[in-house]
Each structure stands twice: as C-alpha cells, then as structure tokens.
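A, B, ... follow the sequence lines: proteins, then strands. Residue 1 opens every chain.
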Protein chains: 2
Amino acid sequence: MKAAAPITINGLKASCSQCNLVELCLPFGMSEDDLNRLDELVGARRKIKRQHSLYRAGDTFEAIYAIRAGSFKTDVLLEDGRDQVTGFQMTGEILGLDGISTESHSCNAIALEDSEVCVIPYAKLEELSREVEGLQHQFHKVMSREIVRDHGVMMLLGSMRAEERLAAFLLNMSQRFTARGFSPAEFHLRMTRDEIGSYLGLKLETVSRAFSRFQEEGLVSVQQKHIRILDAAGLKRLLQHQSGSR
Amino acid sequence: MKAAAPITINGLKASCSQCNLVELCLPFGMSEDDLNRLDELVGARRKIKRQHSLYRAGDTFEAIYAIRAGSFKTDVLLEDGRDQVTGFQMTGEILGLDGISTESHSCNAIALEDSEVCVIPYAKLEELSREVEGLQHQFHKVMSREIVRDHGVMMLLGSMRAEERLAAFLLNMSQRFTARGFSPAEFHLRMTRDEIGSYLGLKLETVSRAFSRFQEEGLVSVQQKHIRILDAAGLKRLLQHQSGSR
DNA sequence: CGCTGTGTTGAGACGTCTCAAAGGAAGTGG
DNA sequence: CCACTTCCTTTGAGACGTCTCAACACAGCG
C-alpha cells in the first residue's frame, strides 16, 4: 500500500443532470426538477491515482463520494495487522457511507485504477434532502442497498465453499458490468488474486486454483485479469447445487 | 421454524419521550422538543411470540421496528435451502432497514423470546425527518452503524478461525448487555448453538467444542445458555494474537 | 534486459465438517 | 406431577477442504 494521498482537485464542477451515470447513481429515479437541484449539492470532482486512497480509516467524515470513473476497493484493518477487503465499487456507486455513524471513516477506500469521484458534502446532502423528497428517498435506498449487499457477502462468507464463492463473485461482476453497458461475458478485473481472496475469505492460491478449475471445466477462460465467461448457466448451477460445506 | 405469525396488536401507543431505552434507540441524542415530535411518529406496539416472525423475506416493506423488549435474529435464505443468520438484535436496536432498498424485506426477523417492538411507519418517518433535523441525522447514523457492523462481521467471517469468532461473539454480547445495564460477565444467551454457528459461519458442533475449550482453559464458565466470562482479557488476547488462519 | 509484483502449481499440514451416538433440558399431555 | 417426546448439546473418529510453504512462470516497467 502506498503512502498518504496526492489528490487532485478538478476545477470542473460536477453536474448530475448532465451525467450519463444517473441511472446507476444516487439520482436514480429522481424527477427532472429534483435533478437540477442536485447540481447545487455536488461539489468538485476529485481524481485519485491508482493505489492511492480516497479516504482512510480514522479520517474525519465530511462527504460521501460518487464514482464517476474508475473503481475502488474498501478494506478494514484489525489491530493485529490482518485486513480484509469489504467491497469493490464501480462507477455510479457510492463510497463513504460508513463514516456517518461515528463521523469518522471506519475503512480505507483505495483506487484500483486511476479514478475520479464526485464529492458530495454530507452536511449539504442532509440539508437538501430535507427539501427534496426524491433525494431523501434515493439516499435511503442507497444505504439500504448497501446493507442488503453486505448480508449477501455474509451469506457467501459463512456458507459457501471456495468455488461457489468465486462463481458468485464472477456472476456479480458480470451483472455489474452489464448494468454499465459492457459485455456480460467478457471483462477485465481490476483487482489482484490477493484482493479477490481477501474479499472472499480465501487465500490467493485458493482463488487461483479455483480459476484454473473453472477453466479446465470450460466454465470460463482466464488470462490473468481478463475473464471470459463461457458458461454462465454452469456457474449458476455451482451455486444452487448445495455442494455440501457448512 | 413455526408457521405464519400470530401477531398481537397492543392498543398502547408507544411513547419515545417516556421510554427508558432512548439512549440505545433511534432517539439517541435528540433534543427534548424533537423527542416530543417523535411520539407522533411511532405507531402501536406489537408483541411477537418466541419463534414467530416480525416480518419475512418478500413481505412488503412498510415500517421499521424498534425493539422494546426481547430479542430477535435476522436470517437470509438461499434458493438451495441454505440459510444464514445475519444478526442478533437486542432492545433499542432497529429492525427492518433492509426493506427500504426494494420496498420489500430481504430477510426474516424472528423473535428469540417473547418480544415487543415499536412500529415506526416508514412513510411517516421520512416525512418527519424532513422536518426534524435531529431525527434525520439519527436515522442516518443508525443505518450507517448497521453498515459498519456488517463490515465487522465480514471481517470475522473472512479472516478469523473458530475460537476467535466465538471469542469476538462473546465479547460483543457482553458489551451489548453492559450497555443495557446488565452484568458484563454473566448473561443468558437466547439463541441455540446452531444459530450461533450459522451467524459465525461454523457448524454447531464446532461452536460447542469451542465453548468446551474455553471452559477447559478457564476463560468462561458455560452451562447451556448461561455464560459467565471469567477472563475477558484472555478472550481479547485470543483475538489479537493472530492465530494464523487466513 | 533484468527487476519486481503477480499468478500458477504441487505436496503436506491443519482446522473444520460429517456422521454417529448418547446424555441432558425443556415442553406436552395424561 | 410424572412419563413421554422432542429438541438441544456434547463428544469422538475419520473425511475433506483450505491453508502453508515453496518453487517456478509470467507480465509489466524502468
């Protein structure tokens, strides 16, 4: 992990009303009028270089962030040095919600590639969402979605075996790429095997072996970080036939 | 699991301003004035008998619930029949936040003992929190806290071994009992070994063995569901000395 | 071109699961 | 209140999956 965080503030003010990520992002489902008011809210954009952090555990919480370009991981650290990736975030997704509870962040958000986020000052968000019902509602949905997502991960970590976890991960990535207009079957992972492993509660070797196994069985074609899903149905079958485990 | 849900609606209207759980519940930190307005919001109380559900996955989302007495578990079901406990909730804690995102619940909430909740109609909550800044802020904190808590569980499931998980679980329970004015060292678990195991991603036998081991080592005294913590520092040490694992 | 970070593969160790049996607690109905 | 059933818990022995350690291959980058 690299040191602090050389941050570039981009003079450009973000504009939700003109952003092509609306359907994926906080403004989803809001009316035209409401959308225009959102533009008041969103502050400057901020560029984050690969491997640098958007915020770190312990930082004072001041804003949440919408990913405009690129991707991130979030991870938490235990006192003894162990750490775990708690999520991977893609364009349109919101970062920083963990900070609201204690007014300081509880995890690190690190860019997996050169990225750009829209800064949404939290005080302003609360203020505006008292006036704009649609915004309030969407914001609550975003938080709730995060909770539901986390439950899914808990399910995965608590009751699936290695290959099931990886299959679930790949299908999830595929679905999220699809939602962003990319191919459901072919994509480029931005994270390392180690990061995937940390997220899935596995060692990198186990992830690697599972990839190899999927390849042998003709489910996917793997070339480093480039993934092609050859048999999505087969991957789904892996998940449903409860392959034993806990 | 028992059938549907024989629910008793209690005529008593709940009153936050007079409830002794304020410091643990949604109203925490709100002003006297704000608190009085909260009383408009909270609907009737509802009693749920042991083993019966407050809501089930798929139910239309209409309200969130504050636990007034008793305790609950939440669990999610996978298509193949596997299920996993995603959390245990005690008095003052909020249930149902998962429902906001899709307007229908994504997990089951089941009473571990005869319990009572305050029903907080969600539409009203949104409405009132547009007027009462303190309420809005607290509600957001509650949701955020849930996200942070989930990350902790992911950490536990992804990177701890059996005994560490159980130690973390016991310390967490102890801390929550303490916050409710009970002894930090002696308490009664409401859930079975199987439910603990499901929550911790372990089989019930493994949970049982870990309990026995703790007892042998003089860390706790276990008699069925009655737990006495004899060496809290020892349990904490278990967590920090990274005992290997993933 | 060599360096460094990343990914693959193998063999053995270790932790948790599975299956099985039995004891104990709690609840039910006579 | 006791006998009965049922559920819950404990414990053991062996199976199985993932981890650990180690060596090597490969890609990207200066």
Side-chain angles (χ1 to χ4, degrees), chain A residues 1-2 49-51 73 82 84-85 110 112-114 156-167 169 188-217 220-227 238 242-246, chain B residues 1-2 49-52 73 82 84-85 110 112-114 156-167 169 188-216 220-227 238 242-246:
Chain A
M1 213 137 297
K2 299 283 170 63
K49 283 220 170 302
R50 183 177 136 84
Q51 298 283 40
K73 69 171 177 182
R82 280 182 288 191
Q84 169 135 1
V85 172
I110 294 160
L112 294 174
E113 59 193 307
D114 292 358
L156 177 147
L157 291 171
S159 68
M160 293 184 184
R161 49 184 48 197
E163 293 188 6
E164 297 178 276
R165 295 184 199 187
L166 188 62
F169 171 74
H188 189 84
L189 297 176
R190 295 343 271 227
M191 65 294 283
T192 66
R193 299 287 190 265
D194 193 35
E195 287 164 335
I196 297 173
S198 174
Y199 179 61
L200 298 178
L202 302 167
K203 295 267 80 168
L204 74 162
E205 295 95 326
T206 307
V207 173
S208 179
R209 279 185 246 269
F211 268 126
S212 301
R213 194 117 197 291
F214 284 177
Q215 182 145 259
E216 279 167 32
E217 289 170 4
V220 300
S221 139
V222 185
Q223 272 177 307
Q224 302 292 127
K225 295 188 157 116
H226 191 86
I227 307 290
L238 257 185
Q242 62 179 89
S243 335
S245 178
R246 5 197 121 99
Chain B
M1 213 136 295
K2 299 282 170 60
K49 284 220 170 300
R50 183 177 134 85
Q51 297 282 41
H52 289 122
K73 69 170 177 182
R82 280 182 288 188
Q84 169 135 1
V85 173
I110 294 160
L112 293 174
E113 59 193 307
D114 293 359
L156 178 147
L157 291 171
S159 68
M160 292 184 184
R161 50 184 49 195
E163 294 188 6
E164 297 179 275
R165 294 184 200 188
L166 188 63
F169 171 74
H188 190 84
L189 297 176
R190 298 337 278 223
M191 66 293 284
T192 66
R193 299 287 188 265
D194 194 35
E195 288 164 333
I196 297 173
S198 174
Y199 178 61
L200 299 178
L202 302 167
K203 297 267 81 168
L204 75 162
E205 295 95 327
T206 306
V207 174
S208 179
R209 279 185 247 269
F211 268 126
S212 302
R213 195 118 197 290
F214 285 176
Q215 182 145 259
E216 279 167 32
V220 300
S221 140
V222 185
Q223 272 177 307
Q224 301 294 126
K225 296 189 156 113
H226 191 87
I227 307 291
L238 257 185
Q242 62 180 88
S243 336
S245 178
R246 7 199 120 98

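In this structure, B:Q223 atom CD and C:dG24 atom P are separated by 13 Å, rounded to whole Å. Taking atom CG of B:D194 as the reference point, atom C1' of D:dT10 lies 14 Å away to the nearest angstrom. We find that NZ of B:K203 is positioned 15 Å from C1' of D:dT9, with the value rounded to whole Å. Look at CG on B:L204: it is 9 Å from P on D:dT10, rounded to the nearest Å. Taking atom CZ of A:R165 as the reference point, atom P of D:dG17 lies 14 Å away to the nearest angstrom. Atom CZ of B:R190 is separated from atom P of D:dC8 by 15 Å (rounded to the nearest Å). We find that CZ of A:F214 is positioned 16 Å from C1' of C:dT8, with the value rounded to whole Å. Atom CD in B:Q51 sits about 15 Å away from atom P in C:dA26, given to the nearest Å.
Dashed line: the shortest gap from a side-chain N or O of A:R193 to OP1 or OP2 of C:dT8 is under 4.0 Å. In this structure, A:T206 reaches the D:dC19 phosphate: one of its side-chain N or O atoms is under 4.0 Å from OP1 or OP2. Here B:T192 does not reach the OP1 or OP2 of D:dC7: none of its side-chain N or O atoms lies under 4.0 Å away. The shortest distance between the side-chain N/O atoms of A:K225 and the OP1/OP2 oxygens of C:dG7 is below 4.0 Å.
Closest-nucleotide positions on DNA chain D for B:F211 and A:A162 were compared, and the one nearer the 5' end corresponds to B:F211. Annotation: of the two residues near DNA chain C, B:E163 and A:E205, the 5′-most nearest-nucleotide partner is A:E205.
Side-chain proximity of A:V222 to the nucleotides C:dT16, C:dT8, C:dC17 is greatest for C:dT8. Of the listed nucleotides (C:dT8, D:dT20, D:dG17), D:dG17 has the atom at the smallest distance from the side chain of A:R161. The side chain of B:Q224 has D:dT9 as its nearest neighbour among D:dT9, D:dT10, D:dT18.
Counting heavy atoms from C-beta outward, A:Y199 and A:K73 have side chains that stay 4.5 Å or more apart.
Taken to the nearest 0.5 Å, the CZ atom of B:F169 stands 5.5 Å off from the CG atom of B:L189. The OG atom of B:S208 sits 12.0 Å away from the CG atom of B:L202 when rounded to the nearest 0.5 Å. Rounding to the nearest 0.5 angstrom, the gap separating the CG atom in B:L157 from the CD atom in B:Q84 is 6.0 Å. With rounding to the nearest 0.5 angstrom, the CZ atom of B:R190 is 12.5 Å from the CD1 atom of B:I196.
Residue contacts shown for A:S212 are limited to sugar-phosphate atoms, with no base heavy atom under 4.0 Å away.
Judged by distance alone, with hydrogens and angles left aside, A:R209 brings a side-chain donor or acceptor within reach of the base of C:dG10, the pair sitting under 3.5 Å.
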